[in-house]
Amino acid sequence: MTLPVPPDAAMILQNSIVTLRDVLLPLTKDDEYARFNGGLLVGALEYALASLEEDRASKNRTGLAAALEELRPALLQADNAELIAMIDLASPFEAASKLLVWGQNNPGELANEVQKILRAELNLQLDTELGASVPIMGAFMAGMRGDV
Amino acid sequence: MNKEKRHAALAPYLRDILEADDSVAIVAENRLTMGQSRAMFVLDLEYAKDGAAIQRKVVVRVEQWGHLGSDSENEVNIMRALHALDYPVAEILGYETSSDLLEQPFFVMGFVPGVSTFSEDTADEYIAALHRLHSIDATSDAFDFLETPGAPHGAALQQVERWYDTYRSHIVGEPSPLVEEATQWLRNNAPENERVTLVHGDPGPGNYLYDDGHVTAVVDWEFIHKGDPYDDWAYLIAMRGVAYLQEDDWIARIEKITGSKIDRQRLEYWKAVNFLMGVGIDQTSHRIYADHQNPAPNLLAIATGVHLSALRRLCNAIFL
């Protein structure tokens with residue numbers, strides 16, 4: 001083995017961003033489509049870099065599973081076999097989907113509780129994902145404005 | 001496909017559809033940054049026809065593996081039908097339904113001069129053009145290729161199910177519970193049909209061209225359908241037009257030009273449908289990017305930030 005400690009992915013991405021931004025992007029000044037793509041690639045690499053720092057997919061799954069567990073006593077108390085079967089689905093995203101759709105079709109106290117707990121977690125996750133997308137969205141929106 | 005291959009495939013095709021005497025020379029190509037559902041190329045051509053030398057521009061609009069959930073068929077059909085009615089659309093010069101030449105279906109249209117950046121000076125004329133579209137007899141045989149939504153809630157439910165199906169069929173990984181819940185709310189609260197008209201489906205600044213202060217073409221017809229004209233007004237106000245004029249300003253202009261009062265509750269419902277549309281069509285980017293059908297980074301932007309922004313607006317519209 002000649003490389004006991006290979007360069008890590010985050011370092012490669014970070015250095016690629018710098019090279020792309022400082023060396024390659026200036027070469028695209030006469031080509032709007034190339035500039036647009038160059039800016040997007042910088043944003044894409046920054047998005048990927050942030051994904052390496054935190055496993056948001058696992059965090060989202062765990063967070064939603066916890067929210068579903070928080071709901072379990074209320075569903076057990078309602079003694080509704082259909083709802084209890086939903087909460088035990090393997091995928092927390094499938095379970096939450098079914099429960100929220102049920103809530104839309106069965107308004108009432110239990111639906112309110114389902115909506116309150118699940119929406120709080122899901123909205124938090126949505127805001128986090130929106131925040132993570134800022135680097136690539138910035139480049140995209142600049143392109144849409146013709147500002148590249 | 002690189003430029004050389006593209007030009008080699010296009011030149012004989014262009015010769016045929018333009019009925020050139022001999023070969024068609026593609027002397028310049030400009031790929032447009034705007035427009036995400038299709039690759040758009042403006043070509044400068046030189047050829048001879050009946051012995052006369054011709055220089056002209058054409059636009060080639062190439063599908064992108066179903067990106068944003070549409071194909072060219074309805075788009076070409078509506079542009080042909082509207083061109084025959086002297087509506088401001090580009091002329092269709094050729095439509096290639098196979099993927100043999102450019103790896104995807106495409107069509108060629110005449111170049112229409114104009115720019116698409118927002119201009120307040122042309123907003124009223126554009127609204128009038130949209131109103132004119134809504135006033136065309138949608139029951140005419142010329143529009144038989146479009147499905148007519150049934151009563152009583154078909155106009156709304158047809159669109160809700162279309163965008164939900166688009167979303168579901170392009171999921172990567174797991175479904176979003178927020179999308180599922182919002183869709184159910186839209187089903188449960190669908191308004192009854194009022195008028196059923198032609199609906200552009202993606203109207204507003206960026207999707208019309210103007211030149212010398214006048215609208216020269218309404219573009220991007222891929223989402224044409226028969227439905228509720230509020231679908232278009234909501235899209236204009238809340239999607240394409242939101243960055244340029246205040247909602248009340250748009251509404252005042254629409255009311256003045258159409259002579260009809262806008263029903264705010266109906267408008268709010270259709271805004272939410274359009275946010276679901278955004279969620280659904282943006283999801284196609286994720287699938288196409290994940291499947292390596294198209295590695296372009298704009299797909300990643302649409303799959304993440306654009307998609308999530310639409311979902312945030314959908315949730316705010318319904319649940320706040």
Side-chain angles (χ1 to χ4, degrees), chain A residues 31-45 47-48 51 57 60-61 64 67-68 91-105 107 114-115 118-119 121-123 125-146 148, chain B residues 3 29-36 39-41 115-118 168 171-189 205-206 240 243-244 279 282 285 289 295-316 318-320:
Chain A
D31 185 335
E32 182 188 314
Y33 187 68
R35 277 201 313 281
F36 176 54
N37 276 283
L40 284 170
L41 281 176
V42 170
L45 294 178
Y47 181 82
S51 299
N60 289 343
R61 175 174 288 272
L64 190 55
L68 288 163
S91 159
F93 297 98
E94 293 281 3
S97 296
K98 289 191 182 301
L99 284 164
L100 287 169
V101 168
W102 176 89
Q104 284 299 317
N105 294 332
V114 166
Q115 289 161 3
L118 294 183
R119 281 186 198 159
E121 174 62 24
L122 290 163
N123 277 308
Q125 294 182 11
L126 175 55
D127 287 338
T128 301
E129 291 305 316
L130 269 166
S133 71
V134 164
I136 193 164
M137 266 298 271
F140 183 78
M141 295 312 292
M144 291 302 93
R145 289 192 306 269
V148 291
Chain B
K3 187 194 279 191
E29 173 189 288
N30 177 30
R31 178 166 180 166
L32 302 180
T33 299
M34 301 291 281
Q36 303 301 310
M40 299 268 286
F41 303 94
V115 295
S116 62
T117 49
F118 177 68
R168 287 294 306 196
I171 285 177
V172 178
E174 308 259 19
S176 161
L178 293 173
V179 177
E180 301 293 329
E181 185 186 25
T183 303
Q184 193 57 41
W185 185 94
L186 288 168
R187 290 180 180 126
N188 292 352
N189 290 277
R240 286 193 168 274
Y244 303 109
V279 167
D282 297 339
S285 295
Y289 192 76
N298 63 318
L299 271 75
L300 180 63
I302 297 170
T304 55
V306 181
H307 168 77
L308 294 167
S309 298
L311 180 54
R312 164 53 66 222
R313 297 186 78 192
L314 175 63
C315 292
N316 288 350
I318 292 178
F319 301 128
L320 276 188

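The sequence lines fix the lettering, A, B, ..., with proteins before strands; numbering per chain opens at 1.
B/Thr183 does not touch chain A: none of its heavy atoms, backbone or side chain, sits under 4.5 Å away. Contacts of A/Leu118 with chain B are absent, with no heavy-atom separation under 4.5 Å from either backbone or side chain. Heavy-atom distances place no part of A/Gln125 under 4.5 Å from chain B, backbone and side chain included. When heavy atoms are compared at a cutoff of 4.5 Å, A/Asn123 approaches chain B by way of both its backbone and its side chain.
Nearest heavy-atom pair across A/Ser91 and A/Arg61 is CA-NH1, 4.2 Å. When every heavy atom of A/Leu130 is checked against every heavy atom of B/Gly305, the shortest pair comes out as CD2-O, 4.1 Å. What you find for B/Arg31 and B/Ala39 is that their closest heavy atoms are NH2-CB, 3.5 Å.
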Contacts under 3.5 angstrom, residues 34-42 of chain A side chains, donor-acceptor by atom type, not counting sequence neighbours:
residue: A/Arg35; atom: NE; partner: A/Val148; partner atom: O; Å: 3.1
residue: A/Arg35; atom: NH1; partner: A/Thr28; partner atom: O; Å: 3.4
residue: A/Arg35; atom: NH1; partner: A/Lys29; partner atom: O; Å: 2.6
residue: A/Arg35; atom: NH2; partner: A/Val148; partner atom: O; Å: 3.1
residue: A/Asn37; atom: ND2; partner: A/Tyr33; partner atom: O; Å: 3.0

Under 3.5 Å, sequence neighbours excluded: what are the donor-acceptor pairs made by side chains of residues 95-102 of chain A?
residue: A/Ser97; atom: OG; partner: A/Phe93; partner atom: O; Å: 2.7

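Chain B forms the most heavy-atom pairs under 4.5 Å with one residue out of A/Glu94, A/Arg119, A/Glu129, A/Gln115, and that residue is A/Arg119. Chosen from B/Cys315, B/Ala301, B/Pro297, the residue pairing most often with chain A at heavy-atom distances under 4.5 Å is B/Pro297. Interface remark: of the candidates B/Gln184, B/Glu180, B/Glu181, B/Glu181 forms the most heavy-atom pairs closer than 4.5 Å to chain A.
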- request: Could you give me the CA-CA distance, side-chain angles and deciding distance for B/Arg312 and A/Asp127, then say whether side-chain contact (heavy atoms from CB on, under 4.5 Å) is met?
  value: CA-CA 8 Å; B/Arg312 164 53 66 222; A/Asp127 287 338; 2.8 Å; yes
